[in-house]
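In this text, all values refer to a predicted model and were calculated from it rather than measured experimentally.
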Amino acid sequence: MADGDTDGADAAESAPGDGAQIASVTDLQAGDSFRFTVRDRDSGDEQEAILVALSDGSITGWLNYCMHWTDVTLDSGSGAVRDGELVCRKHAATFDPTSGVCTHGPCEGATLTTVDVTVQDGTVSLTDPDYEFVMQGVDPGDPADLSTSPGSRIGF
């Protein structure tokens with residue numbers, strides 16, 4: 001699984017949606033997820049995001065949180081894709097990795113927040129005007145999310 005965790009020391013910052021390189025396509029395998037960090041252009045808040053490599057070779061980008069409890073990450077470092085769907089480990093909500101729609105669970109019908117990306121010449125780049133790229137992976141100093149707290153129903 002390509003995690004993308006770094007200490008941020010080599011992270012390149014960029015202007016919002018200017019095509020900053022997130023990762024190489026070779027960093028992702030079908031049915032895999034890859035964590036990265038973006039900064040919201042309006043609020044200035046940093047947020048976790050994930051790339052998801054689909055079985056057809058395309059790649060989608062989402063903010064890395066469950067729509068039911070937004071302080072619970074989908075991928076906390078061990079991947080988020082199980083049996084072709086994104087899975088929240090806290091309440092077993094499942095999301096279609098192509099559309100982001102919750103197909104089962106307490107937030108059924110809700111849709112994950114899209115992070116627009118493009119693939120060109122083997123590189124996945126951020127093209128979403130609402131965000132700017134901060135770094136691959138996530139800040140190791142961030143507090144743990146609730147997805148690993150006692151009571152988690154799904155083991156990864």
Side-chain angles (χ1 to χ4, degrees), residues 1-82 84-90 93-102 107 110-148 156:
M1 209 258 344
D3 181 43
D5 284 334
T6 69
D7 64 4
D10 297 323
E13 295 201 23
S14 64
D18 72 349
Q21 180 178 335
I22 299 170
S24 169
V25 171
T26 59
D27 292 334
L28 292 144
Q29 301 298 320
D32 202 358
S33 57
F34 182 95
R35 298 188 306 164
F36 64 104
T37 302
V38 294
R39 182 175 296 113
D40 184 287
R41 184 180 87 190
D42 292 329
S43 69
D45 293 337
E46 289 187 5
Q47 299 177 330
E48 292 183 29
I50 55 175
L51 298 174
V52 178
L54 305 176
S55 59
D56 68 359
S58 61
I59 296 175
T60 57
W62 309 102
L63 287 184
N64 187 22
Y65 64 82
C66 181
M67 297 307 294
H68 178 227
W69 280 3
T70 57
D71 55 351
V72 175
T73 59
L74 297 173
D75 183 348
S76 61
S78 59
V81 181
R82 301 293 181 266
E85 295 186 292
L86 291 166
V87 179
C88 172
R89 67 182 71 239
K90 188 67 175 179
T94 56
F95 299 86
D96 180 288
T98 303
S99 67
V101 172
C102 180
C107 53
T111 304
L112 297 172
T113 302
T114 304
V115 175
D116 295 334
V117 298
T118 59
V119 178
Q120 185 173 2
D121 299 326
T123 299
V124 184
S125 300
L126 178 67
T127 55
D128 196 312
D130 294 331
Y131 303 103
E132 64 182 273
F133 178 74
V134 176
M135 66 181 166
Q136 290 185 340
V138 297
D139 182 351
D142 279 351
D145 65 65
L146 294 178
S147 63
T148 58
F156 286 89

Task: Stepwise side chain to side chain contact (heavy atoms under 4.5 Å, CB included) check, Ile59 with Phe34 - done: CA-CA 10 Å; Ile59 296 175; Phe34 182 95; over 6 Å; no
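- Atom CZ of residue Arg35 and atom CG of residue Leu74 lie 11.5 Å apart, to the nearest 0.5 angstrom.
- Nearest heavy atom pair, residue Gln136 against residue Ile22, reads NE2-O, 2.7 Å.
- Contacts of Thr60 classified as side chain to side chain donor-acceptor pair (under 3.5 Å), with partners at least two apart in sequence or in another chain: Trp62.
- No donor-acceptor pair under 3.5 Å is formed between the side chain of Arg39 and the backbone N or O of Val134.
- Nearest heavy atoms, Glu85 versus Pro97: CA-CD, 4.1 Å.
- Residues Val138 and Asn64 are not in side-chain contact: their nearest non-hydrogen atoms beyond the backbone lie 4.5 Å or more apart.
- A donor-acceptor contact closer than 3.5 angstrom is absent between the side chains of Ser125 and Thr123.
- In this structure a side-chain-to-backbone donor-acceptor pair under 3.5 Å is missing from Ser33 to Ile50.
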- [ ] Go through the steps to decide whether Leu51 and Asp27 satisfy the test side chain to side chain contact (heavy atoms under 4.5 Å, CB included), and finish with yes or no.
- [x] CA-CA 10 Å; Leu51 298 174; Asp27 292 334; over 6 Å; no
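- Residues meeting the side chain to side chain donor-acceptor pair (under 3.5 Å) test with Thr113, sequence neighbours left out: Tyr65.
- Counting all heavy atoms, side chain and backbone alike, Ser76 lies closest to Thr73 at CB-OG1, 3.5 Å.
- The minimum heavy-atom distance between Gly100 and Phe95, with the atom names listed, is O-CD2, 3.5 Å.
- What you find for Asp128 and Asp130 is that their closest heavy atoms are OD1-N, 2.9 Å.
- In this structure, Gln21 contributes its side chain and Val124 its backbone to no donor-acceptor pair below 3.5 Å.
- Put simply, OG1 on Thr37 and CD on Glu48 are 6.0 Å apart, with the number rounded to the nearest 0.5 Å.
- Considering all non-hydrogen atoms of both residues, Ser99 and Thr111 come closest at O-CG2, 3.6 Å.
- Note that CG of Asp45 and OH of Tyr131 are 10.5 Å apart. Values are rounded to the nearest 0.5 Å.
- Annotation: side chain of Val38 is in contact with side chain of Leu63 (closest heavy-atom distance under 4.5 Å).
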